[in-house]
Amino acid sequence: MYRKTELLAPAGSFEILKAVIHAGADAVYAAGNRFGARAYAANFTTEEMLAAIDYVHLKGKKLYLTVNTLLKEREIHELYDFLCPFYEAGLDAVIVQDMGVLHFIRNNFPDLPIHASTQMTVTGAYGAKLLLANGCRRIVTARELSLAEISHIYQMTGAEIESFVHGALCYSYSGQCLLSSMIGGRSGNRGRCAQPCRLPYEFCETPGKSMTRRQQENYPLSLKDLCAISLIPELIESGVHSLKIEGRMKQAEYAAGVTGIYRKYLDLYEDNPRQRYQVSDEDYQKLLDLGNRCGFTDGYYKKHNGRDMVTFHKPSHEKNQGHGQFIIPKNAAHREKEKIKGILRLSINNPASLVLEYKGIQAEVTGSIVQNAQKQPLARQTVLEKMAKTGNTPFQFGQLEVELEENSFLTVGALNELRRAGIDRLTELILQKYRRQLPDNPLAAQNGQKASGNIPSCNQQNQDVTMQRRQPCEQPLETTLPLSVLTETLEQFAVSLKQPEAARIYLESSALSRNRLCRELANLTAKAHKAGKTCYLALPHIFRMETVKWYETNWQQISEAADGYLVRNLEELSFLQEMGVPPARIQGDYPLYVFSREAIRGWEELSLQQYTLPVELNARELRDLGSGGEMIIYGYQPVMFSAQCLLKNINGCSHKENIFYLKDRYGKLFSVKNYCEGCYNIIYNISPLALFHQLREIKMIQPGSVRLSFTVEDGNELEEVFRLYRQALAGNLDKNSYLDEFTNGHFKRGVE
């Protein structure tokens, strides 16, 4: 069945919303004054949002509200009061990232469509299927997907798919970036990204050996802006229903200008899909002039990554003032006002009657009694002129019939009042079909969680990230928490087998090539059993189509070898469920975010019973979650997962996994690993998280277990970490032999 493709535009304010609707947007996405992923945009007040909802509906358009941040336990139930007026007004959908938010909205606002944000990192059919089955109406795909991958999602699920076509690109998979959070406390997951990817870095083979080819090419994490206007036919044919323009931080000139040009070409294609599709050089130049970062890229739709997608130079936002004024394209007939039809009947001794019609909706009003003219009867032209004055209303007469009895008279004021009453009634009837009533017994109210005014703020002041030789805990812990160990190399795995405290070992799937993994996993699991431990396979951080196909093909061997699985994304969770793996054998990792008890309930409904505590919450916020979950207490935290490859972009692809370094402007080094079989990079934090001196406070949080996460460490470094862990358990940490440099992460400071 043919579906008209939606053009979805951004709006950071009411004025921009009007501009993009005027330019031809079918729908607009915007944020209220809370919970949006652009916390520093102007955004909409409640009153503005309500007016905006009515404005777009009167024009037959839609408005989607972004609620696409992670909400803490003390915040999430403020959602009820926040969403109530928008729900009642007929908000068309909410865009969400947080599983807790999804669960809460689905239960408390049952008729409100939910769109899965790109920050949910949906990269395939498994993840899309899981979300569709659990309340999502639409899937916003990860920006990294190819046309083939999008087509596969559509073919396998029939999902309503939304994909980005224009605007800024993140270097990391959206929702998987903690760089801004870890180095400055401004979390992208909370709408406060400081964009550290736009800063200069030097790529190094070793800490002292630079691989940057040209001194000026020191922006390897800064991607060019996306421009996929030439791919509109292929996107639509791949199953994309909504073409999304990025830019809620941009001005009206940019948002409306880009929207108008995309409107022109979307109309050209849909009006005649068989005609040869081509974007003119003039229109492409207009898009460049409206704003770009060192030119455009058509993104990942036809390639996995590449040097030509990166700015390398300082990513200034280039704009040509000569093309600053936006003009609506001539072939895009989108008027400022909506045309209505009217019939005005003026008959002596009868009430004046006005019938208005708009898109099948009819309103009828009556006014004052029409008099027999004593002097000057009404002239038809006068009536037409007075009725045409629709003022600030969203309507204008496209057609008005006047049935005027001879010698009729009505005051101008009475005519004006009749027109106003008619338009008011028509407006009311149009909006009536969008209005909703709140459920009589919302779950939030039943649970006593509605009164947000009694909930204190969770914001914490930022503290220093890197700590030096902190005081150790003085007393031994009464009980020992179960210990899990994540290992990314066979050396780390072998050392961990010898540690009596370790109960569960996660073996990173990339520790072996895929062929060796099939052959040797059973043997490694047997070694773990001999040492009195269980062996879980840590599935890849990124689980895209080619990787999925390999696991589907080799699943029998894998499933017979591992005790369980550590999953990092929705794709893997859904995949394991379809493979029949019981929930008791599935451990969720921290990217399956659990910021609230509502999120825990949401994941439980998806049959994820074991989860990892978030790395962005402080101690108090972790206590708010209640007991349970696995807590990472040591490790170099991944801060970026990227489809880009730094080695390939700087020096050419080696097809060999290794560790490299990024040096920032302060000389600090971030370790970088390239995972060749899955074709992605992981960038790790400068210093390892180390919370051994916080074990007593950690025990008060009551996690179900704790984890040591090893990434770039060698065997000797592992032995040292285990020694510190044993000292902490015994309450005799030696402050003189503690780690020289480490971070408390967010354990003390949290994020805004």
Side-chain angles (χ1 to χ4, degrees), residues 37 70 97 118-121 123 142-145 168-190 192-204 218-224 299-300 304-307 309-312 315 465 488 508 510 540-544 568-569 589-593 614-616 632 635-650 657-666 668-676 678-689 709 711-712 743 745-746 751:
L70 301 178
Q97 174 192 11
T118 189
Q119 290 175 272
M120 292 189 107
T121 325
T123 58
R143 288 177 173 92
E144 290 77 7
L145 296 194
L169 286 173
C170 294
Y171 190 82
S172 174
Y173 283 88
S174 292
Q176 303 299 313
C177 181
L178 298 176
L179 183 58
S180 175
S181 174
M182 289 297 170
I183 66 176
R186 286 176 54 177
S187 171
N189 284 322
R190 303 272 294 164
R192 293 169 170 83
C193 180
Q195 298 193 349
C197 53
R198 305 296 181 186
L199 296 174
Y201 298 89
E202 185 179 354
F203 188 60
C204 302
N218 53 356
Y219 290 86
L221 305 185
S222 176
L223 297 186
K224 296 176 182 177
Y300 296 92
H304 188 84
N305 54 34
R307 177 180 171 85
M309 297 174 67
V310 186
T311 70
F312 283 108
V465 174
E488 293 201 5
E508 193 70 55
S510 60
H541 289 276
I542 305 299
F543 204 61
R544 286 174 60 178
R568 274 64 182 264
N569 47 63
D589 205 357
Y590 73 90
L592 300 178
Y593 296 115
V615 297
E616 291 190 282
I632 300 171
Y636 284 90
Q637 176 65 46
V639 293
M640 271 194 176
F641 300 92
S642 181
Q644 292 292 328
C645 179
L646 281 159
L647 178 64
K648 175 184 175 182
N649 289 345
I650 298 292
E657 294 184 0
N658 213 329
I659 298 173
F660 303 92
Y661 302 90
L662 271 182
K663 183 188 292 185
D664 71 7
R665 54 198 171 143
Y666 303 111
K668 299 289 187 180
L669 293 171
F670 297 84
S671 300
V672 181
K673 274 190 178 183
N674 57 317
Y675 292 79
C676 292
C679 200
Y680 60 90
N681 276 191
I682 298 181
I683 302 174
Y684 295 93
N685 202 9
I686 298 165
S687 305
L689 172 76
S709 183
T711 51
V712 299
T743 175
H746 288 295
V751 292

Self-check item: From CA spacing to verdict: side chain to side chain donor-acceptor pair (under 3.5 Å), Y593, Q119
Solution: CA-CA 11 Å; Y593 296 115; Q119 290 175 272; over 6 Å; no
Practice problem: Could you walk me through whether I183 and V639 pass the side chain to side chain contact (heavy atoms under 4.5 Å, CB included) test, one step at a time? | Solution: CA-CA 9 Å; I183 66 176; V639 293; over 6 Å; no
Quiz item: Would a 4.5 Å heavy-atom cut-off, applied to side chains only, mark T121 and N569 as touching?
Solution: no
Practice problem: Would you mind reporting whether Q637 and L689 have side-chain heavy atoms less than 4.5 Å apart? | Solution: no
Quiz prompt | Nearest-0.5 Å distance that lies between atom OH in Y300 and atom CG in L223 | solution = 5.0 Å
Quiz item: Considering residues at least two apart in sequence or located in another chain, which fulfil the side chain to side chain donor-acceptor pair (under 3.5 Å) criterion with E144?
Solution: none
Self-check item: Residues that I686 engages under side-chain contact (heavy atoms from CB on, under 4.5 Å), provided they are two or more places apart
Solution: D664, K668, F670, E741
Quiz prompt | ring pair (Phe, Tyr, Trp, His ring centres under 6.0 Å) partners of F641, counting only residues at least two apart | solution = H541
Self-check item: For R198, salt bridge (charged side-chain N to carboxylate O under 4.0 Å, His left out) partners two or more places apart
Solution: none
Quiz prompt | Qualifying residues under side-chain contact (heavy atoms from CB on, under 4.5 Å), relative to S172, sequence neighbours excluded | solution = Q176, C177, M640
Quiz item: Any side-chain heavy-atom pair from Y173 and S642 closer than 4.5 angstrom?
Solution: no
Quiz item: Do T711 and E508 have side chains that get closer than 4.5 Å, going by heavy atoms?
Solution: no
Exercise. Would you mind reporting whether L646 and L662 have side-chain heavy atoms less than 4.5 Å apart?
Key: yes
Quiz prompt | Contacts of type side-chain contact (heavy atoms from CB on, under 4.5 Å), residue P688, not counting sequence neighbours | solution = Y634, Y636
